[in-house]
Visitor: 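Sharing a structure with you now.
What you see below is based on every heavy atom in this structure, not just the backbone, and it leaves out hydrogens, waters and symmetry mates.
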Amino acid sequence: MSGRLSCARIEMNFEYGAFGLIFIIVFVLVIVIFIAAAVRGVSDWNKNNHSPQLTVTAKVVSKRTSISHHRHANAGDISGARGFSTTPSTRYYVTFQVDNGDKMEFSVTGSEYGMLDEGDTGKLSFQGTRYLSFEKMATAIHWL
């Protein structure tokens, strides 16, 4: 009798067939991707923390920005009945070239980005993939 009862329960669990299976697979994939991204972020952070802080002579060779837009429901209404607003987000990147010819791109703050010009030469400080600072070298002013 108990064998029949457990079979009936199993059949009821698979009532939705392929949809239920696909839903479970997608749900597990989302969780796995989220965990993998978190592990990678923590791993990069840890690797940077254990890397030595280096200071090298470098030249600013290029600058770029990356702008993304995020839509948010107004007044916290996720249905969108009250409309949506869009918030832009800008990330700033600077590429440095060191004396041996290697190029390194770092994410920097907006104020750092604004203070740097292509062609600037100075002392670049970094730790792993983490930008720390750039001190411009004084340039001689030539009067004509």
Visitor: Search all heavy atoms of Ser51 against all heavy atoms of Lys47 and return the closest pair with its distance.
Guide: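 Reported closest heavy-atom pair: OG-O, 2.8 Å.
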Visitor: Exactly one of Lys136, Lys63, Lys59 should register a salt bridge (Lys or Arg N to Asp or Glu O under 4.0 Å) with Asp120. Which one does?
Guide: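 For Asp120, the salt bridge (Lys or Arg N to Asp or Glu O under 4.0 Å) check succeeds only for Lys136.
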Visitor: How long is the straight-line distance from OG of Ser66 back to CZ of Arg64, given to the nearest 0.5 Å?
Guide: 6.5 Å
Visitor: Apply the side-chain contact (heavy atoms from CB on, under 4.5 Å) test between Val94 and each candidate in Val61, Val60, Leu124; give the one that qualifies.
Guide: Val60
Visitor: How long is the gap from CD on Glu112 to OG on Ser133, to the nearest 0.5 Å?
Guide: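 One finds 7.5 Å between CD of Glu112 and OG of Ser133.
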Visitor: Which heavy-atom pair separates Arg91 from Ser107 by the least distance, and what is that distance?
Guide: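 Heavy atoms only, the tightest pair is NH2-OG, 3.0 Å.
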Visitor: Before we go on, tell me: are the rings of Phe96 and Phe134 under 6.0 Å apart, centre to centre?
Guide: yes
Visitor: Let me confirm one number: the CD-OG1 distance from Glu135 to Thr57, rounded to the nearest 0.5 Å.
Guide: 11.0 Å
Visitor: Out of curiosity, Gln127 CD to Gln53 CD, how far, rounded to the nearest 0.5 Å?
Guide: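 One gets 4.5 Å once the value is rounded to the nearest 0.5 Å.
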Visitor: Does Phe84 have more than 12 heavy atoms from other residues, nucleotides or ligands lying within 6.0 Å of its CZ?
Guide: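 Counting neighbours around CZ of Phe84, more than 12 heavy atoms of other residues, nucleotides or ligands fall under 6.0 Å, so yes.
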Visitor: In the single-linkage hydrophobic clustering (I, L, V, M, F, W, Y; side-chain heavy atoms under 4.5 Å), do Tyr93 and Leu116 co-cluster?
Guide: no
Visitor: Does His70 NE2 have over 12 foreign heavy atoms under 6.0 Å away?
Guide: yes
Visitor: Side chains of Arg130 and Asp44: does their closest heavy-atom pair fall under 4.5 Å?
Guide: no
Visitor: Linking I/L/V/M/F/W/Y whenever any side-chain heavy atoms sit under 4.5 Å apart, do Met104 and Tyr131 land together?
Guide: yes
Visitor: Taking all heavy atoms of Glu118 and all of Ser62, pick out the closest pair and write down the distance.
Guide: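 Minimum heavy-atom contact is OE2-CA, 3.6 Å.
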Visitor: Is it the case that one hydrophobic cluster holds both Val56 and Val108, taking links as side-chain heavy atoms less than 4.5 Å apart, direct or via other members?
Guide: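 Yes, because Val56 and Val108 connect within a single hydrophobic cluster, where side-chain heavy atoms sit under 4.5 Å apart.
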Visitor: So if you build clusters from Ile, Leu, Val, Met, Phe, Trp, Tyr with side-chain heavy-atom gaps below 4.5 Å, do Met137 and Val98 land together?
Guide: no
Visitor: Between atom CD1 of Ile24 and atom CG of Leu29, what is the distance when rounded to the nearest 0.5 Å?
Guide: 12.0 Å
Visitor: Find the distance between OG1 (Thr129) and CH2 (Trp45) and round it off to the nearest 0.5 Å.
Guide: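 Answer for the OG1-CH2 pair, Thr129 versus Trp45, is 13.0 Å.
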Visitor: Do Ile25 and Ile33 share a hydrophobic cluster, counting only Ile, Leu, Val, Met, Phe, Trp and Tyr and linking them when any side-chain heavy atoms are less than 4.5 Å apart?
Guide: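 In one cluster with Ile25: Ile33, no.
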